[in-house]
Amino acid sequence: MTDEAEPYDVFVQGTVFLDIVLTGLESAPATGTEIFAEGMGSCPGGVANFAIAASRLGLRSGLAAVFGDDVYADFCWRTLADQEKVDLSHSRRIGHWHSPVTVSMTIDRDRAMVTHAHEAPGDPSKLVGPGLRTRSAIVPVADELPHWTTEVRDSGALLFGDVGWDPTEHWSPTVLDVLDGFHAFTPNATEAMAYTRTDTPKAALHKLAEHVPLAVVTNGSDGVLAIDSTTGEEEEVPALPVRSYDPTGAGDVFLASLVLGTLRGWPLAHRLAFGNLCAGLSVQHFGGSLAAPGWGDIIDWVRDHSPHRPGGVDPDILKHYTFIGDVLPEGPVPIVRRASATIARLSDA
């Protein structure tokens with residue numbers, strides 16, 4: 001349990017999935033056929049992506065979710081609490097409800113997913129009682145927000161809005177009305193243009209900036225653009241060219257990194273570049289949450305991309321990232337664990 005005198009840095013509430021990630025597929029399987037994947041990894045997914053990515057960067061992360069009583073839940077709970085040091089004080093285990101499972105298939109640098117899940121019993125948002133203290137929260141933007149978000153916002157927490165793909169493809173602009181009280185909104189370019197009924201990422205960005213102080217539009221290999229109306233900054237930072245192995249969870253890693261930079265008061269351009277770097281490092285490993293980089297990975301990248309060893313990156317791109325060496329932590333940093341095909345071994349307990 002987090003001490004009452006020490007709030008969380010970031011808090012999330014939602015569903016934790018067991019993610020099974022299959023990589024190296026040249027195409028999706030056709031009916032009546034069997035194909036083989038080159039790689040496989042298992043890890044907690046869903047909102048666990050945010051919590052783990054933030055914790056690996058040294059933020060105090062809290063997570064509220066319902067966990068079942070099966071071996072999948074054992075694995076996810078143990079990975080979050082023991083391995084990744086995510087606080088689960090607001091989470092609960094219940095019997096006779098199996099864990100949601102998602103199979104994510106990486107195909108030609110993109111992904112397709114199949115999920116099996118039953119609705120959790122009760123209202124998971126009620127896991128969070130009054131008095132929650134956190135500096136920030138990552139919240140899905142929806143018509144009905146969890147009740148606790150109003151309380152933490154009124155106490156000074158920054159709400160970072162996340163949004164997913166609209167399966168109806170209606171992209172109702174009423175979603176933007178929900179943003180009142182949010183500090184930030186971070187859709188990708190396709191989502192941003194769809195919700196704002198605009199034709200370019202920049203036009204969508206300016207529309208979104210009318211609704212939130214920090215508007216961010218991620219644009220894949222073209223980088224990220226943002227407006228921070230609290231400081232008057234407008235920035236566009238190119239993406240780092242990396243070999244993408246598995247994009248699962250990269251957007252979640254970017255958002256967790258953006259939260260860290262915002263809480264530390266970094267200039268907007270630095271926050272965007274740091275998010276790009278962390279997301280770029282994550283796609284070079286498979287496994288969603290457990291692909292998130294730790295500070296050791298970032299230190300290695302800085303070493304390999306010093307001014308005298310640019311690592312093959314265009315200097316015009318690399319100049320946006322030169323500040324990162326100045327924000328590295330002092331002293332030793334923990335080594336992070338990657339996803340593996342095995343869900344759990346008794347020796348891991």
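Predicted model, so just to flag it, every value in this text is computed and none were measured.
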> For the atom pair CG (Leu57) and CD1 (Ile298), what is the distance rounded to the nearest 0.5 Å?
Replying inline: 5.5 Å
> Counting N and O atoms only, with roles assigned by atom type, does the side chain of Arg338 sit under 3.5 Å from a partner on the main chain of His285, one being a donor and the other an acceptor?
Replying inline: no
> Taking the side chain as C-beta and beyond, is there a heavy-atom pair between Leu132 and His90 under 4.5 Å?
Replying inline: yes
> Got Ser99 and Phe75 here, is their nearest side-chain heavy-atom distance under 4.5 Å?
Replying inline: no
>> If you count every heavy atom of other residues, nucleotides or ligands that lies below 6.0 Å from Asp123 atom CG, does the total exceed 12?
In response: yes
>> Tell me the closest heavy-atom pair linking Val178 and Ala142, and the distance in Å.
In response: CG1-O, 2.9 Å
>> Could you check whether any side-chain N or O of Trp77 sits under 3.5 Å from a backbone N or O of Leu88, counting only pairs where one atom can act as donor and the other as acceptor?
In response: no
>> Within the 4.5 Å heavy-atom criterion, are Met193 and Trp171 side-chain neighbours or not?
In response: no
> Looking only at heavy atoms, which two atoms of Met40 and Ile20 are closest? And how far apart?
Replying inline: CE-CG2, 3.7 Å
>> Ignoring hydrogens, what is the shortest heavy-atom contact between Val16 and Pro100? Give both atom names and the distance.
In response: O-CD, 3.7 Å
>> If I compare all heavy atoms of Asn188 with all of Glu191, which pair ends up nearest, and what's the gap?
In response: OD1-N, 2.8 Å
>> With a 6.0 Å cut-off (strictly less than), is the heavy-atom count around CG of Asp154, excluding the residue itself, greater than 12?
In response: yes
> Can Thr342 and Ser340 be said to form a side-chain hydrogen bond (donor to acceptor under 3.5 Å, both in side chains), step by step?
Replying inline: CA-CA 5 Å; Thr342 305; Ser340 63; 5.0 Å; no
>> How long is the straight-line distance from CG of Asp252 back to CD1 of Ile52, given to the nearest 0.5 Å?
In response: 11.0 Å
> Hey, does the side chain of Thr33 reach the backbone of Pro29 with a donor-acceptor pair shorter than 3.5 angstrom?
Replying inline: no
>> For the CG atom of Leu127 and the OG atom of Ser91, what is their distance to the nearest 0.5 Å?
In response: 6.5 Å
> Going by heavy atoms in the side chains, are Thr134 and Arg60 under 4.5 Å from each other?
Replying inline: no
> Is the backbone N or O of Arg264 less than 3.5 Å from a side-chain atom of Arg271, with the two atoms forming a donor-acceptor pair by type?
Replying inline: no
> Within the distance-only criterion (no hydrogens, no angle test), does the side chain of Ser55 pair as donor or acceptor with the backbone N or O of Val86 below 3.5 angstrom?
Replying inline: no
>> Can you confirm whether more than 12 heavy atoms, excluding those of Asp199, are under 6.0 Å from its CG atom?
In response: no
> Any side-chain heavy atom of Lys202 sitting closer than 4.5 Å to one from Ile227?
Replying inline: no
> Can any side-chain N or O of Ser229 pair as donor or acceptor with the backbone N or O of Pro213 at less than 3.5 Å?
Replying inline: yes
>> Holding to ring-ring contact (aromatic ring centres under 6.0 Å, His included), I want the full list of residues that pass it with Trp295, two or more places apart in sequence or in another chain.
In response: Phe274
>> Looking at Phe67, I want to see if its CZ is surrounded by more than 12 non-hydrogen atoms of other residues, nucleotides or ligands under 6.0 Å.
In response: yes
> Between OG1 of Thr79 and CZ of Arg337, what distance do you get to the nearest 0.5 Å?
Replying inline: 7.5 Å
> Would you call Pro146 and Val139 a side-chain contact if the rule is heavy atoms closer than 4.5 Å?
Replying inline: yes
> Do you know the tightest heavy-atom contact between Val283 and Gly280?
Replying inline: CG2-O, 3.2 Å
> Asp246 and Thr106: side-chain hydrogen bond (donor to acceptor under 3.5 Å, both in side chains), yes or no, with the steps?
Replying inline: CA-CA 6 Å; Asp246 174 20; Thr106 301; 2.9 Å; yes
> Is it true that a side-chain atom of Asp69 and a backbone atom of His96 form a donor plus acceptor pair closer than 3.5 Å?
Replying inline: yes
>> Closer than 3.5 angstrom, by distance alone: can the side chain of Ser61 be matched with the main-chain N or O of Ala51 as a donor-acceptor pair?
In response: yes
> Is the closest side-chain heavy-atom distance between Thr23 and Thr248 below 4.5 Å?
Replying inline: no
> How many angstroms lie between atom CD of Gln13 and atom OG1 of Thr149, to the nearest 0.5 angstrom?
Replying inline: 9.0 Å
> Between Arg135 and Ala157, is there a donor-acceptor pair closer than 3.5 Å when you use the side chain of the first and the backbone of the second?
Replying inline: no
> Yes or no on side-chain hydrogen bond (donor to acceptor under 3.5 Å, both in side chains) for Asp166 and Tyr195, after CA distance, side-chain angles and deciding distance?
Replying inline: CA-CA 10 Å; Asp166 179 2; Tyr195 282 123; 4.9 Å; no
> Side chains of Leu277 and Leu240: does their closest heavy-atom pair fall under 4.5 Å?
Replying inline: yes
> Would you call Arg153 and Asp180 a salt bridge, using N to O less than 4.0 angstrom?
Replying inline: no
> Counting N and O atoms only, with roles assigned by atom type, does the side chain of His147 sit under 3.5 Å from a partner on the main chain of Ser125, one being a donor and the other an acceptor?
Replying inline: yes
> Shortest non-hydrogen contact from Asn219 to Ala189?
Replying inline: OD1-CB, 3.3 Å
>> To the closest 0.5 Å, what do you measure between NE2 (His183) and CG (Asp228)?
In response: 6.0 Å
